[in-house]
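The structure appears below as structure tokens.
Chain letters run A, B, ... following the sequence lines, proteins first and then strands; every chain starts at 1. Values in this document were obtained by computation on a predicted structure and should not be read as measured data.
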Amino acid sequence: MATSKRKYRAVSSYSALSKLLKKFFYAGQHGALDFETTALRPAEGRVRLVSICSDKVSWLVDFDKCGGFRKCAKLFKHGRWVVFNSGFEMRWFIAAGAPKTRCIDLANARRAVMGGGNYSLKQIALWDLGIEMNKEEQASNWGAKKLTRSQLDYAYDDADTTWKLWLHWTKDHTPGQHDAMVMLDNLVPAIIEMEEQGILIDVKHHQTLVDGWEETQTKLITILRTLVSDGEVRNINSDTQWGDYFAVIMPDNWLSAWPRTEKAGRLSCTSAHLRRLAGNATGTPLETLFDALADYKTVTKYISSFGRTIINTAQLAVDGRVRPRVNIAAARTGRFSTSGPNVQQIPRNKDILGEPTSVRKSFIASRGCRLVSLDYSGIELRVLALLSGDKQLLEDMINGDVHLEVAQEMVGRPLDKKTKEGKEARQKAKGVSFGIIYGSGARGLASTMRTSVGRAERYIDFWEGRYPDAFGYRHKVMAEAERTRFITTVDGGTIYMGKNPDLPKCANYPVQRAALSVMARSIARHKRTLDRLGEASQPQARWDRVFMLATIHDALIDEAPTKLAKNCLHMMEEDMTYGYLAVFPGAPTDRLVEGGVGQHWGALS
DNA sequence: AGTCTTCGCGCG
DNA sequence: AAAGCGCGCGAAGACT
């Protein structure tokens with residue numbers, strides 16, 4: 001109500017703010033806090049208001065009347081500030097010279113109980129408390145000389161709701177859930193660094209890639225159009241129209257075996273299936289059509305998702321860098337996501353349409369620097385072995401070769417992984433273990449591996465026989481989920497599984513989460529390492545110029561001055577080993593990480 | 001004209 | 001009852 005009595009105290013001088021903070025937030029007392037700023041980044045604006053809310057206080061502070069936020073920032077050092085999306089507020093504290101201010105992310109308090117997700121405050125207020133938030137003032141003019149009553153009320157409501165949600169989620173936190181929350185909160189400084197740094201794009205190289213793709217695309221359109229007129233398929237990009245077309249021209253025995261889309265039940269037109277069809281039509285014009293269409297789809301995907309958008313984003317920034325958002329625990333399991341652009345989905349180096357293509361080569365180190373990168377090898381199988389206490393699986397991971405064992409079973413005789421046959425069989429066998437990690441049944445495995453259900457069943461039986469504890473782990477998880485609706489993860493957090501928990505998720509979530517846990521400890525540790533070295537850096541060893549750039553689930557990427565790159569790699573290895581041991585004390589660290597140093601992301605060795 | 005859903009596909 | 005996990009993004013087409 002616009003006419004309601006003010007629920008908060010207006011704080012409008014430095015001395016009042018100082019006195020109040022000393023009185024109520026002197027030794028780690030918690031309070032919810034929310035900024036209203038005139039811009040999204042400290043370089044471009046200022047903090048106008050902060051609303052503060054706890055059981056004892058309800059304040060609205062106008063920094064324009066208190067000498068400005070820069071002057072006031074240090075006053076917040078003794079409190080613990082509950083913030084929704086604390087990375088935002090932390091940036092302003094850092095920019096104002098108060099980087100040690102302690103913030104707790106409300107979203108992480110919730111994620112520690114429910115599992116990850118990327119939700120707005122408005123959304124969770126509605127879900128968890130049934131509160132409807134009005135966000136109309138969010139983008140209003142926070143630089144105005146005089147703020148409206150509606151703006152002030154809005155500013156206050158955010159902190160008020162944040163505090164209510166904080167109480168809601170933390171009043172029954174178990175110690176484990178608290179630990180999980182702290183684990184996620186500890187990622188914030190590293191994520192701020194990644195988002196600030198971004199990654200440099202070699203626009204020129206990327207442009208030549210895009211030019212090549214477009215040339216290929218043009219050729220493919222010509223081929224497709226000689227086979228199918230635009231009267232038959234008007235929009236060459238439309239799978240719907242292609243599906244309708246095939247439904248008309250293909251014989252019934254092809255159509256009956258044609259996979260359908262899930263919701264609408266149309267003929268599915270994935271490029272994988274098109275290539276299979278091409279294989280069934282060798283020597284006919286249909287082979288050319290299916291192959292050309294599959295190729296066209298691939299190259300079109302590259303152009304639309306990894307072509308112009310990357311160049312545009314890079315050119316939008318003055319320094320030619322792309323700055324993706326790095327979203328903590330955006331996935332249900334706690335994994336990161338990245339967006340705008342999503343650097344976690346940049347294609348690996350591989351042959352596309354017979355041409356060796358390296359999109360990652362366009363992601364380069366700054367002048368005088370190198371990219372430094374390590375990834376955990378086989379981290380998910382490894383953590384499954386450790387979670388389930390499966391001795392044989394761990395032994396095979398450390399001293400043996402899981403995939404080769406499975407491959408030999410599949411072929412029915414011993415294999416040498418150095419031969420071509422051995423390599424291929426081993427590659428195929430990886431699919432079995434992935435299937436296990438994903439909780440696949442025989443049918444699912446058969447369809448992804450393109451084999452019979454009977455054979456898939458045999459593979460799974462073999463896996464279960466060799467690694468009984470690892471295989472049986474899913475049933476323990478499932479039992480917990482059915483009993484409590486939650487599963488408990490290795491870091492002490494929980495994930496809500498809904499009223500009807502399903503086996504594939506129960507098999508996979510704890511594994512994916514444990515891998516995330518390991519990476520989370522590593523990231524926090526590595527950031528501390530770099531900060532420590534950066535503070536003590538000398539002119540000849542500029543550790544203050546080493547930055548974390550990105551994490552791709554099981555990989556970590558830094559940028560470092562060339563002279564420090566090798567050293568940085570060692571630091572990273574140490575920190576990643578530490579992260580793993582923090583989650584699995586005493587676990588074997590043999591062959592844990594691999595990677596290296598390079599000019600660009602395409603080649604790190 | 002703007003928003004939502006579906007499909008497909010890149011990555012781990 | 002049956003079940004291969006997790007994301008973000010672009011395009012098409014439907015819906016409002």
Side-chain angles (χ1 to χ4, degrees), chain A residues 115-118 234-244 259-274 293-294 297-310 313 324-327 329-350 352 357 359-360 375-381 384 430-449 456 459-460 474 477-478 495 497 500-516 519 550-556 601:
Chain A
N118 223 358
R234 210 181 77 257
N235 183 350
I236 204 169
N237 296 316
S238 166
D239 284 1
T240 311
Q241 292 178 26
W242 280 109
D244 292 347
R260 302 281 169 157
T261 64
E262 193 186 320
K263 306 278 178 182
R266 291 192 297 257
L267 295 186
S268 167
C269 289
T270 66
S271 54
H273 183 239
L274 292 170
L293 185 52
K297 284 172 65 105
T298 305
V299 78
T300 302
K301 165 85 175 173
Y302 271 62
I303 291 168
S304 62
S305 292
F306 314 113
R308 183 73 44 200
T309 37
I310 298 290
T313 321
R325 296 174 59 170
V326 180
N327 312 303
R332 197 84 174 129
T333 53
R335 291 221 303 204
F336 291 96
S337 79
T338 62
S339 51
N342 179 2
V343 282
Q344 289 180 332
Q345 58 161 178
I346 298 301
R348 308 209 56 150
N349 307 330
K350 59 182 178 192
I352 145 165
T357 306
V359 181
R360 294 190 176 191
D375 40 307
Y376 288 109
S377 49
I379 188 66
E380 293 202 324
L381 270 186
L384 174 57
K430 278 189 184 178
V432 178
S433 294
F434 275 105
I436 302 295
I437 289 171
Y438 297 154
S440 176
R443 288 185 51 145
L445 188 63
S447 87
T448 46
M449 293 192 69
Y459 301 159
I460 294 175
R474 62 187 60 189
V477 180
M478 187 72 177
I495 302 176
M497 300 301 281
N500 300 98
D502 67 54
L503 195 56
K505 288 184 173 61
C506 285
N508 182 251
Y509 279 20
V511 174
Q512 198 178 110
R513 174 58 168 265
L516 175 278
M519 183 52 100
T551 169
I552 319 290
H553 306 304
D554 61 358
L556 205 50
W601 191 12

Nucleotides bounding contact with chain A, strand DNA chain C, heavy-atom threshold 4.0 Å: C/dA3 to C/dG13
Stepwise side-chain contact (heavy atoms from CB on, under 4.5 Å) check, A/I346 with A/I310: CA-CA 10 Å; A/I346 298 301; A/I310 298 290; 4.2 Å; yes
Sugar-phosphate, base or nothing in reach of A/S339, heavy atoms under 4.0 Å: sugar-phosphate
Pair A/C506-A/R474, side-chain contact (heavy atoms from CB on, under 4.5 Å): steps then yes or no: CA-CA 6 Å; A/C506 285; A/R474 62 187 60 189; 5.6 Å; no
Span that lies between the P atom of C/dG4 and that of B/dG12, in whole angstrom: 22 Å
Sugar-phosphate, base or nothing in reach of A/I346, heavy atoms under 4.0 Å: sugar-phosphate
d(NE2, A/H553; C1', B/dG12) in whole Å: 5 Å
Chi angles and distances behind the side-chain contact (heavy atoms from CB on, under 4.5 Å) call for A/R260, A/R266: CA-CA 5 Å; A/R260 302 281 169 157; A/R266 291 192 297 257; over 6 Å; no
Sub-4.5 Å side-chain heavy-atom contact between A/D375 and A/L556: no
Distance in angstrom units between A/Y376 OH and B/dC11 C1', rounded: 19 Å
Pairing string, 5' to 3', for DNA chain C - Watson-Crick or wobble contacts under 3.5 Å, brackets [ ] where pairs cross, | to another strand: ....||||||||||||
side-chain contact (heavy atoms from CB on, under 4.5 Å) between A/L516 and A/T333, worked out: CA-CA 8 Å; A/L516 175 278; A/T333 53; over 6 Å; no
Close side-chain approach of A/R348 to A/R360, heavy-atom, < 4.5 Å: yes
Sugar-phosphate only, base, or nothing, as touched by A/R360 at under 4.0 Å among non-hydrogen atoms: sugar-phosphate
Touch class at under 4.0 angstrom, heavy-atom based, for A/S447 against every strand present: nothing
Quick one: which protein N/O atoms are closer than 3.5 Å to N/O atoms of nucleotides 4-8 of chain B? Pair and distance per line, please.
residue	atom	partner	partner atom	Å
B/dC7	OP1	A/T261	OG1	3.0
B/dC7	OP1	A/K263	N	2.9
B/dC7	OP1	A/A264	N	2.8
B/dC7	OP2	A/K263	N	3.1
B/dG8	OP1	A/S268	OG	3.3
B/dG8	OP1	A/C269	N	3.0

Non-hydrogen atoms of A/Q344 and A/T338 that approach each other most closely: N-OG1, 3.3 Å
Touch class at under 4.0 angstrom, heavy-atom based, for A/F336 against every strand present: nothing
Between P of B/dG12 and CG of A/L516, the distance in whole Å: 16 Å
Sugar-phosphate, base or nothing in reach of A/G340, heavy atoms under 4.0 Å: sugar-phosphate
Touch class at under 4.0 angstrom, heavy-atom based, for A/E380 against every strand present: nothing
Rounded distance (Å) that lies between atom P of B/dC11 and atom CD1 of A/I352: 10 Å
Sugar-phosphate only, base, or nothing, as touched by A/R335 at under 4.0 Å among non-hydrogen atoms: base
Sugar-phosphate, base or nothing in reach of A/D502, heavy atoms under 4.0 Å: base
A/S339 side chain near A/N327 side chain, heavy-atom distance below 4.5 Å: yes
Sugar-phosphate, base or nothing in reach of A/G431, heavy atoms under 4.0 Å: base
Sugar-phosphate, base or nothing in reach of A/P504, heavy atoms under 4.0 Å: base
Sugar-phosphate only, base, or nothing, as touched by A/N235 at under 4.0 Å among non-hydrogen atoms: sugar-phosphate
Touch class at under 4.0 angstrom, heavy-atom based, for A/I552 against every strand present: sugar-phosphate
Validation row: A/I236, A/W242 side chains within 4.5 angstrom (heavy atoms): yes
Contact summary for A/G441 and A/I460, nearest pair of heavy atoms: C-CD1, 3.6 Å
Sub-4.5 Å side-chain heavy-atom contact between A/I552 and A/W601: yes
4.5 Å side-chain heavy-atom contact, A/N349 and A/T357: no
Parallel, tilted or perpendicular: ring planes of A/F306 versus A/Y302, cut at 30 and 60 degrees: perpendicular
